[in-house]
Amino acid sequence: MGLADLHLHTIYSYDGTASLSAVLTRAKKLGLDVIAITDHDEIRGAVKALELAPNYGVEVIPGIEITTADGDLLALFITEKVDAGLSLTETVLQVRELGGVCIAPHPMAGGMGMKSLSGQTILKALRNPLVADTLIGIETYNGCAIDRISNHYANILASRLNIAKTGSSDAHIVDTIGFGVTEFEGHTAADLVSALRNKTTKARRQKEWSAFRVLSSWGMRYMGSAFVRITGWARA
Ligand SMILES: [Zn+2]
């Protein structure tokens, strides 16, 4: 199973405080396989992070959080800026032209300057088959959502629309990276896209995944020595 944090801000966002190297270092330390850099209406940090990623051993998806006229939209796998202020459908179609895919972040959430897409807007946009082929996920766990109830509603919406569910931190500071993650079959960004299209991703809170990661790395390190101890004891 791979883990991805698909919604991260850096100092390239007007409201982010984390440097690219701090984000990449933290992601590696947490054991994340893939991260998406998604600054507000800004692509420069994501493109730079893509170049730096091999030095840190974390796969980076370049992305952007676009302020559409209907609310925020995550675009992944693009290296060019998409203009803010267009409708959801127009924006998704532009991202499609650039070869990217979209995720609806924190739908229906309010507060903290979040401008979120409504369920109705997403539903309407998905009637366009090209939009439906490009907007392939709903963020059902956002680590920053102040009104936790919006995560609950997002989950219901994604189930009703039969669309992939993602979890992300929406971190604006280094310490909150990994507060939400997307679990997927495989380990690479390509595996992640397949999982999104197959609707097999799972949204996880940090509490749910960190114990698993810690235990599995602990297991790798200590099971061997425990085995030696046990077999040594058996021989004695
Ligand atoms: Zn965000």
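The figures here come from the full heavy-atom set of this structure, side chains too, leaving out hydrogens, waters and symmetry mates. Atoms within each ligand, like the ligands themselves, are counted from 1 in listed order. Predicted model, so just to flag it, every value in this text is computed and none were measured.
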Practice prompt. Could you confirm whether H172 has any N/O/S atom lying under 2.8 Å from the Zn ion (ligand 1)?
Written response: no
Item to complete: Kindly confirm whether the Zn ion (ligand 1) is within less than 2.8 Å of some N/O/S atom in H7?
Response: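 Of the N, O and S atoms in H7, at least one lies under 2.8 Å from the Zn ion (ligand 1), which means yes.
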Response to the item:
Output field for angle at the Zn ion (ligand 1), D170.OD1 vs E65.OE1, rounded to 10°, should show 170°
Item to complete: For R204 and D5, run salt bridge (charged side-chain N to carboxylate O under 4.0 Å, His left out): C-alpha distance rounded to whole Å, both residues' side-chain angles, the deciding distance at 0.1 Å, then the answer.
Response: CA-CA 10 Å; R204 299 283 193 205; D5 190 340; over 6 Å; no
Fill in: Candidate pair T10 and D39, rule side chain to side chain donor-acceptor pair (under 3.5 Å), full reasoning
CA-CA 6 Å; T10 73; D39 290 316; 2.9 Å; yes
Discussion item. Tell me which one of H106, H7, E139 satisfies side-chain hydrogen bond (donor to acceptor under 3.5 Å, both in side chains) with S168.
Written reply: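 Result for side-chain hydrogen bond (donor to acceptor under 3.5 Å, both in side chains) with S168: E139.
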Practice prompt. Over 60° means perpendicular and under 30° means parallel, so classify the ring planes of H9 and H40, tilted if in between.
Written response: parallel
